[in-house]
Amino acid sequence: MRRVVLAGRGELAEWRDAARAFAAAGILPEEIDWCEKGAEADLAFQRDAMPPAPVMARKPMTVPPAFIELAQTVLCHSDPARFSLLYRLLWRLQLDRQLLEVASDEDVARARLMAKNVRRDAHKMMAFVRFKEVGAVSADRRKFFAWFEPDHHIVRRTAPFFQRRFTDMDWLIATPKGSAAWDGERLTMSDEPCEKPNLTDAADELWRTYYASIFNPARLKLKAMQAEMPKKYWKNLPEADLIPGLIASAESKVRAMAAREATQSLPFHDRLQEAARTIPAEPEAPAGTLEALRAEAAACTRCPLHAKATQTVFGEGPRDAEVMFVGEQPGDQEDISGRPFVGPAGRLLDQVITEAGIDRSLLYVTNAVKHFKYEPRGKRRIHQKPNMGEVKHCRWWLNLEMALIKPKLVVAMGATALSALTDTKQRLQDVRGKAIAIDERRTLFVTVHPSYLLRIPDERLKAEELSRFREDMATIQRLMLAAA
C-alpha cells in the first residue's frame, strides 16, 4: 500500500500530478492510501509514496473534458475520500468513456453529490459574506473585513467573484479554511486557518433595516426560508437576530393586512381616471378631424375593456401620413402614458425602422384595440390577447382612422391586426412579407408584432426572427419610396 499525503485545498494540479504519476506506473486504485495533509506531514508526498518509474509500454491515460471540470469541483470538498474516488473514476474511464453519463453508478453519483455540495457552499458564501469597514487606505479607498465559515475549501473558488464585485475597495475575507485578500491590484490567497474576530459597524444596522423591510409575513414559508438561509449561517449575519421576532409576529401582521385591505387606495389606473375627470375640458375640435375622433374615442364604452383600462390609447402621427402601422393593443406602459408603442415593443420597433432608414415621425401608428386587456398578477398586469368580439367592436375606430388619414400603405403587425384589417382568419405566416392590394389606392403589408420577438426564449430563433423582421422593414421602406 502506497500512502500519499496532499495539502487538499481544492487545487487540481496537486492531485493531478500525483494521479498522473501513479497511473503511468500502473498503480491500481486499491493500492494507494490517499490522505489529507495534517500537522505530522510537511511534504505533499511522503518519501515511500513516490511511484516507481513509468511503464513505458503503458498507454497514457486520457479523460473527457467533463471529468476535469468535475474533478476541479470535487477536490474542493472536505471529504478525505475525494482523492481516492477521483482516482478510481480515472481508472474506470479508461474502460468506459461514457461512465460519467451513468447517473445510477455509485461512484458517479457520489462525485456529483460532492460537486453539488461544493457549488451550494460557494453560492452561500457569495450570498452571505458581510463586509465590515475597518479603516481607510486613502482618502477615496476604504478597507473592509469579512468572516465566513464554509463547509468546504471554496475560498480560492469564490475569491475571483469578490474581486470583480468589490474591486473598488480593499478587503480581506477570513475563514477557518484560509483567506483571500484584495488590495486593488493583486488578489492573494492563504491556506492558513483564521480565527473569528469580534467586529461590528454601522452597516450591521443597515442590513437589519433592509431585511425587516423586505420580509413579507404573508409569504412566510419556514422550510423554504431555512433552505435558502440555513441556520448555520445565522450567527454571522447581523440581520438574523430579527428572524425569530419576525416569524413570531407574522400571523398578526397578516391579519392586520387583511383588515386594511378594504380601505386601501384604488389601483393606480383608477386614480388616473379620477384625476382625468378633474381636468378642464379642452375646446371641442371641429367635427370630422382626427382631434375630434380622438376626443370621441376617449369616452368609448363599446366593449367591457374600458372598465379596467386606464384610458383609451388612440393612434398617433401626421394627419396626412402615407403609411399606417397597426398593432394589436396598448401594453402596460402605453395604458399609463396614453400613447401607442412607447414600451419595450415600441422601442424595438423604433430601433429596427431607424436601421431600415424609415422616419418614425412620418408614420401613423395605432392599434386594432384601443384599451389594454390584462390579467392582474400580484403587482403586475399581464397582457391578454383580445378576443374577436373586442376586435370587432374596436374596428369602428380603426376604420374611421383610416378614412381620415387615407394611408397608401398599411402595415399589419401580428395576427390580431391582420384580422382587424381584413376581417379574415388567414394564417399570418401565409401572408407575411407580402404586399397585398386592398384596393386601387391602398396596399397591405403583413409582418409580426415586435412583442413576439421579445417573447422568444430561444436565442438562436430570436436572432433569426429579428433578421426577418429587419428584412420586412427594409421591404416597407422600398414600398414607401415606390409610392412616393
Side-chain angles (χ1 to χ4, degrees), residues 267-270 273 297-298 300-316 324-350 352 364-402 410-434 436 444-458 461-462 464-466 468-469 472:
F268 64 88
H269 67 273
D270 285 347
Q273 288 177 334
C300 177
T301 58
R302 296 177 64 87
C303 75
L305 293 185
H306 77 278
K308 293 177 63 178
T310 303
Q311 57 193 311
T312 301
V313 180
F314 205 69
E316 185 176 271
M324 174 188 283
F325 275 65
V326 183
E328 180 190 82
Q329 67 164 333
D332 182 80
Q333 294 185 29
E334 289 82 1
D335 176 69
I336 297 172
S337 67
R339 299 181 59 204
F341 289 94
V342 295
R347 290 192 290 272
L348 177 58
L349 177 64
D350 285 348
V352 176
Y364 186 88
V365 292
T366 190
N367 284 294
V369 174
K370 310 301 185 189
H371 286 119
F372 180 34
K373 183 178 181 179
Y374 64 91
E375 174 188 0
R377 192 173 300 170
K379 295 182 179 180
R380 301 177 61 199
R381 300 189 298 170
I382 306 302
H383 162 276
Q384 282 190 311
K385 186 180 180 66
N387 59 42
M388 287 307 299
E390 291 155 351
V391 172
K392 288 180 178 179
H393 281 302
C394 240
R395 188 178 294 145
W396 164 271
W397 301 111
L398 182 60
N399 289 339
L400 289 175
E401 283 179 294
M402 292 182 63
V410 180
V411 180
M413 296 189 294
T416 300
L418 174 62
S419 177
L421 289 164
T422 62
D423 198 20
T424 64
K425 294 184 179 179
Q426 291 176 286
R427 292 176 66 250
L428 185 140
Q429 293 303 327
D430 292 340
V431 292
R432 179 180 179 181
K434 298 179 181 179
I436 305 169
L444 175 68
F445 186 88
V446 183
T447 185
V448 296
H449 197 286
S451 63
Y452 157 72
L453 304 172
L454 297 174
R455 293 194 301 267
I456 300 176
D458 182 83
L461 178 59
K462 178 181 289 189
E464 292 176 359
E465 287 295 315
L466 184 56
R468 287 189 65 190
F469 190 61
D472 289 345

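Note that the coordinates shown come from a computational prediction; the quantities given were computed from them, not determined experimentally. Numbers here simply count residues along the sequence, with the first being 1.
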**Q** Are any of the side-chain heavy atoms of Glu316 and Pro340 separated by less than 4.5 Å?
**A** yes
**Q** Got a sec, which residues hit side-chain hydrogen bond (donor to acceptor under 3.5 Å, both in side chains) with Glu334, two or more places apart in sequence or on another chain?
**A** none
**Q** Checking side chain to side chain contact (heavy atoms under 4.5 Å, CB included) for the pair Ile336/Arg381: CA distance, chi angles, key distance, verdict?
**A** CA-CA 12 Å; Ile336 297 172; Arg381 300 189 298 170; 3.8 Å; yes
**Q** For Val431 versus Gln426, what's the shortest heavy-atom pair and its separation?
**A** CG1-NE2, 3.6 Å
**Q** Would you call Pro376 and Lys308 a side-chain contact if the rule is heavy atoms closer than 4.5 Å?
**A**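 Contact flag for Pro376/Lys308 side chains = yes.
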**Q** Salt bridge (charged side-chain N to carboxylate O under 4.0 Å, His left out) with Arg377: which residues, sequence neighbours excluded?
**A** Glu375
**Q** Where is the tightest heavy-atom contact between Pro330 and His371, given as atom of each residue plus distance?
**A** CG-C, 3.7 Å
**Q** Could you pull out the closest heavy-atom pair between Leu421 and Met402, with the gap in Å?
**A** CD2-SD, 3.7 Å
**Q** With side chains defined as the heavy atoms from C-beta onward, is the minimum distance between Arg468 and Glu465 less than 4.5 Å?
**A** yes
**Q** Could you measure the distance from the CD atom of Glu390 to the SG atom of Cys303? Nearest 0.5 Å is fine.
**A** 5.5 Å
**Q** Without swapping roles, check the side chain of Asn367 against the backbone of Lys370 for a donor-acceptor pair under 3.5 Å.
**A**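 The answer is no, because no donor-acceptor pair under 3.5 Å joins these two groups.
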**Q** Indicate yes or no for a side-chain donor-acceptor contact from Gln329 to the backbone of Lys373 under 3.5 Å, with no hydrogens or angles considered.
**A**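 Present.
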**Q** Asp335 side chain to Ala309 main-chain N or O, any donor-acceptor pair under 3.5 Å?
**A** no
**Q** What is the distance from atom CG of Leu349 to atom OG1 of Thr447, rounded to the nearest 0.5 Å?
**A**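 Result: 9.5 Å between the selected atoms.
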**Q** List for me each residue that meets side chain to side chain contact (heavy atoms under 4.5 Å, CB included) alongside Gln333, sequence neighbours excluded, and say none if there are none.
**A** Pro344, Arg347
**Q** Given His383 and Glu328, is the side chain to side chain contact (heavy atoms under 4.5 Å, CB included) satisfied, shown in steps?
**A** CA-CA 11 Å; His383 162 276; Glu328 180 190 82; 2.6 Å; yes
**Q** If I compare all heavy atoms of Ala412 with all of Leu444, which pair ends up nearest, and what's the gap?
**A**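 Nearest heavy atoms, Ala412 then Leu444: CB-CD1, 4.0 Å.
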**Q** Checking Ser451 side chain against Ala345 main chain: does a donor-acceptor pair fall under 3.5 Å?
**A** no
**Q** Identify, with sequence neighbours excluded, every residue that meets side-chain hydrogen bond (donor to acceptor under 3.5 Å, both in side chains) alongside Thr422.
**A** Thr424
**Q** Once side-chain hydrogen bond (donor to acceptor under 3.5 Å, both in side chains) is applied, do any residues pair with Glu464, and if so which ones, sequence neighbours excluded?
**A** Arg460
**Q** State whether the number of non-hydrogen atoms from other residues, nucleotides or ligands found under 6.0 Å of Arg339 atom CZ is greater than 12.
**A**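 No, CZ of Arg339 has 12 or fewer neighbouring heavy atoms, counting only those of other groups under 6.0 Å.
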**Q** Do Ile456 and Leu466 have side-chain heavy atoms sitting under 4.5 Å apart?
**A** no
**Q** What pair of heavy atoms forms the shortest contact from Ala368 to Cys394, and how long is it?
**A** O-CB, 3.1 Å
**Q** Residues in ring pair (Phe, Tyr, Trp, His ring centres under 6.0 Å) with Phe372, at least two apart?
**A** Tyr374
**Q** Checking Arg427 now: which residues fulfil side chain to side chain contact (heavy atoms under 4.5 Å, CB included) with it, not counting sequence neighbours?
**A**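 Result, side chain to side chain contact (heavy atoms under 4.5 Å, CB included) vs Arg427: Gln429, Asp430.
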**Q** Holding to ring pair (Phe, Tyr, Trp, His ring centres under 6.0 Å), I want the full list of residues that pass it with Phe469, two or more places apart in sequence or in another chain.
**A**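 None.
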**Q** List for me each residue that meets side-chain hydrogen bond (donor to acceptor under 3.5 Å, both in side chains) alongside Lys385, sequence neighbours excluded, and say none if there are none.
**A**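 So Lys385 forms a side-chain hydrogen bond (donor to acceptor under 3.5 Å, both in side chains) with Thr416.
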**Q** Indicate the atoms forming the closest heavy-atom contact of Cys300 with Trp397, along with that distance.
**A** SG-NE1, 3.2 Å
**Q** Partners of His449 by ring pair (Phe, Tyr, Trp, His ring centres under 6.0 Å), sequence neighbours excluded?
**A**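 Phe341.
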**Q** Among residues at least two apart in sequence or on other chains, which ones pass side chain to side chain contact (heavy atoms under 4.5 Å, CB included) with Arg395?
**A** Val391, Lys392, Asn399, Asp423
